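Structure, as structure tokens:
First the proteins, then the strands, lettered A, B, ... as listed; each starts at 1. If you're wondering where the values come from, they're calculated on a predicted model, not measured in any experiment.
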Protein chains: 2
Amino acid sequence: MFSKACEYGIKASIFIAINSAEGKRVSPKAIAKEIASPEAFTAKILQALVKNGVINSVKGAHGGFEINKNEIATVKLSQIVNAIDGDKIYSNCGLGLHTCDEIHPCPVHHKFKIVKDELRDMLENTTLEELAQNIKSGASFLKM
Amino acid sequence: MFSKACEYGIKASIFIAINSAEGKRVSPKAIAKEIASPEAFTAKILQALVKNGVINSVKGAHGGFEINKNEIATVKLSQIVNAIDGDKIYSNCGLGLHTCDEIHPCPVHHKFKIVKDELRDMLENTTLEELAQNIKSGASFLKM
DNA sequence: TTTATTTCGGATAAATTTATCCTATATATA
DNA sequence: TATATATAGGATAAATTTATCCGAAATAAA
Ligand code: FES
Ligand code: FES
């Protein structure tokens, strides 16, 4: 469904959100350990998230990755996915036609639309805060 | 969402269904032309579909690929997807955890479940006959 | 039985995604 | 300013997916 890069990006963002809420910055090393991902690859993904304004980075001693405390509640899953995989997951044709639209639909277009809309809604209506809260409460997990 | 192999497999199956309804067998060459896919790669996917019993093949002169006329209405999209990509699309964890279940869920598990169930329902309730009909009537297209 | 036809299947190759490594660049602090 | 610390980013490598090629095996028809 999502690329590995995107999976890591989402999990990393959640972990950063949890720490930023406590005023702590985190390193790629700490992130990779927490989400069980390859460190260097994760670092690359973090760069993409920084470039897209989803998270902030601070270089140098006592640096690390963080998210503005007051943005944790506003960052949506869709922003993370978009920063890494783009919007192809809900804009591309499910059967690979060059364009996906009503005037030249593939055989599954209308049925797929329902699934894609459901997915888009879900991604656009889920915030980092919500996901971070689930981890904090022990209701969900970032690895294994 | 789906692999290229799966996209080709679905489109190929629809084209075969259309022709089988008229008692005609089709070659990988004709299929690849109709669905705008690489011929040799498409042939490999057809082999997988044959192995999984989704379509039949007949070797030799006047051979080709076909689907039993009375099976066209019973073959579901889910069978094609399963034959090629397996069931990972709705059984794997959306964030890549080793297992996806209620007792050790990832942060998006419950929200993802809705999307995955919607997708599964769609694939399990869509038959080749229905998709072939849409192509025949000109309501949908297999390429471009 | 011979020939033409057509799928099967193994071996490769190309492209993309995933992953690693190393150096440059920036920053806090002593 | 010097030093230690940390992210940025380029160059590569490994793994997976996508794609190609070609000979083997099967089959229909002459
Ligand atoms: S045209 Fe295929 S999903 Fe819209
Ligand atoms: S555990 Fe992640 S989707 Fe179920």
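Between the C1' atom of C:dT7 and the CD1 atom of B:I45 lies a distance of 15 Å, rounded to the nearest Å. Note: CD (A:E66) to P (D:dA6) measures 14 Å, nearest angstrom. If you measure from atom CG of A:N56 to atom P of C:dT27, you get 13 Å, rounded to the nearest angstrom. Computed from coordinates, the A:E39 CD to D:dA6 C1' distance equals 11 Å when rounded to whole Å. C:dA19 atom C1' lies 15 Å from atom CD1 of A:I84, rounded to whole Å.
Under the side-chain contact (heavy atoms from CB on, under 4.5 Å) test applied with A:L128, the options A:I16, A:I80, A:I10 reduce to a single match, A:I80.
The residues A:E66 and A:R25 are annotated as salt-bridged, a charged nitrogen and a carboxylate oxygen being separated by less than 4.0 angstrom.
Every residue two or more places apart in sequence or in another chain that forms a side-chain hydrogen bond (donor to acceptor under 3.5 Å, both in side chains) with B:E22 is listed here: B:K24. Among residues two or more places apart in sequence or in another chain, the side chain to side chain contact (heavy atoms under 4.5 Å, CB included) test is passed with A:A12 by A:I31, A:I35, A:L46.
Closest approach to the B:S57 side chain among C:dC8, C:dT29, D:dA29 is made by C:dC8 (side chain taken as heavy atoms from C-beta onward).
Atom-to-atom distance recorded for B:I14:CD1 and B:E130:CD is 10.0 Å, nearest 0.5 angstrom. Here B:N82 contributes atom CG and B:E124 contributes atom CD; the two are 8.5 Å apart, rounded to the nearest 0.5 Å. Put simply, OG1 on B:T42 and NZ on B:K29 are 12.5 Å apart, with the number rounded to the nearest 0.5 Å.
Ring planes of B:F41 and B:Y8: perpendicular class, angle over 60° (limits at 30 and 60°).
Near DNA chain D, meaning a heavy atom under 4.0 Å away, there are no residues from residues 16-31 of chain B.
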Item to check | Trace of the side chain to side chain donor-acceptor pair (under 3.5 Å) decision for B:K111 with A:T126 | outcome: CA-CA 9 Å; B:K111 297 200 163 203; A:T126 302; 3.0 Å; yes
Checklist entry - Taking it one step at a time, do B:V108 and A:L131 satisfy side-chain contact (heavy atoms from CB on, under 4.5 Å)? => result CA-CA 7 Å; B:V108 299; A:L131 301 176; 4.1 Å; yes
Pick out the pairs of N or O atoms, protein on one side and nucleotides 24-26 of chain D on the other, that lie under 3.5 Å.
| unit_1 | atom_1 | unit_2 | atom_2 | d |
| --- | --- | --- | --- | --- |
| D:dA26 | O4' | B:K59 | NZ | 3.4 |

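A donor-acceptor pair under 3.5 Å links the side-chain atoms of B:K76 to the main chain of B:T74, judged by distance alone.
With ring centers used as reference points, A:F65 lies 6.0 Å or more from A:F15. Side-chain rings of A:F112 and A:Y90 stay apart, their centers remaining 6.0 Å or farther from each other.
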Checklist outcome for this item: Going 5' to 3' through nucleotides 9-18 of chain D and flagging B where a protein heavy-atom sits under 4.0 Å of the base, S where only the sugar-phosphate is that close, and - otherwise, we get BBB------S
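From one end of the helix from C:dT1-D:dA30 to C:dA30-D:dT1 to the other, with five pairs defining each end axis, the axis direction shifts by 0° (rounded to 10°).
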